[in-house]
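Notes to accompany the following structure.
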Amino acid sequence: MQNVLVNLFPLSDVVLYPHASVPLNIFEPRYIKMVHHSINTHTPIALALTNFFENEQFVLKTNTGDFSGLVVGVGYPQIIHENVDGSMFIMLKGVGKARLIENTNDKNFRVYSAQMIDEVYDVSDAHRFRLNRLRIMLKNWLEMNIKSKEDRETFFKKIVKPEEIIAYAAHFLIENPTHKKEILEVNSLTEKLELVLEHSKFEERPLEGKILAI
């Protein structure tokens with residue numbers, strides 16, 4: 001497994017999955033600096049979930065806490081729009097996941113050493129009908145939450161690979177941060193599929209107006 005350096009971005013309820021992208025508003029000076037550093041040095045950004053349950057206990061990590069050992073999604077930022085005050089709207093494209101090892105410096109934003117984690121992308125033929133079911137659920141969510149038919153169809157046509165379908169279904173259909181974390185940590189695509197289908201049955205209907213990220 002490959003060791004890398006990642007810029008850490010802690011968020012309370014957002015998980016970055018491999019093969020999916022998330023839109024982010026960046027306004028704190030240290031994280032504006034982090035995005036520019038990531039682009040200039042081609043250093044990936046790791047989204048670290050700060051709010052979840054683990055071993056039947058509530059975990060709330062703060063920006064000053066140690067995130068060593070946490071599994072995170074990693075990706076590269078693209079600046080979509082930058083304001084005169086430096087704040088920006090970016091798209092963070094997930095390219096993989098990693099386990100954080102240790103904080104390597106004391107900059108305004110933190111840089112962690114991390115070990116990349118490989119995933120198994122095979123989905124058995126026996127699970128293909130379940131994958132298709134999940135794809136239909138994702139399509140239904142888009143129809144309920146995205147007003148523009150053109151935006152829905154353009155987005156949906158690009159989601160073809162099993163890992164993309166599962167990643168975006170987890171992103172849109174799952175609201176519970178603990179469930180999001182559980183899905184990220186599983187390495188088997190078949191197990192991810194099962195978890196997304198299981199948890200999406202019990203999730204409340206997501207809020208309308210989420211931005212499509214691809």
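One is the number of the first residue; the rest follow in order along the sequence.
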Fill in: For Glu119, all residues meeting salt bridge (Lys or Arg N to Asp or Glu O under 4.0 Å), sequence neighbours excluded
Lys97, Lys192
Worksheet item: Salt-bridged, Lys180 to Glu175, with N to O below 4.0 Å?
Response: no
Practice prompt. Could you walk me through whether Phe109 and Phe9 pass the ring pair (Phe, Tyr, Trp, His ring centres under 6.0 Å) test, one step at a time?
Written response: CA-CA 8 Å; Phe109 62 89; Phe9 189 21; over 10 Å; no
Item to complete: Only one of Val72, Leu70, Ile117 passes side chain to side chain contact (heavy atoms under 4.5 Å, CB included) with Arg99; say which it is.
Response: Ile117
Fill in: Salt-bridge present (Lys157, Glu153; N to O < 4.0 Å)
no
Discussion item. Restricting to ring pair (Phe, Tyr, Trp, His ring centres under 6.0 Å), what partner residues turn up for Tyr76, sequence neighbours left out?
Written reply: His42
Item to complete: Pick out which of Leu100, Leu47, Val111 makes a side chain to side chain contact (heavy atoms under 4.5 Å, CB included) with Val6.
Response: Leu100
Practice prompt. Establish, from distance only, whether the side-chain atoms of His199 and Asn176 form a donor-acceptor pair under 3.5 Å.
Written response: no
Worksheet entry | Nearest non-hydrogen partners of His37 and Thr43, listed with the distance | CE1-OG1, 3.9 Å
Worksheet, complete the sentence: For Phe27, the ring pair (Phe, Tyr, Trp, His ring centres under 6.0 Å) test, sequence neighbours excluded, returns none
Discussion item. Under the side chain to side chain contact (heavy atoms under 4.5 Å, CB included) test against Leu195, which residue among Ile174, Ile166, Ile183 passes?
Written reply: Ile183
Discussion item. Less than 3.5 Å apart, any donor N or O on the side chain of His19 or Tyr121 sitting next to an acceptor on the other?
Written reply: yes
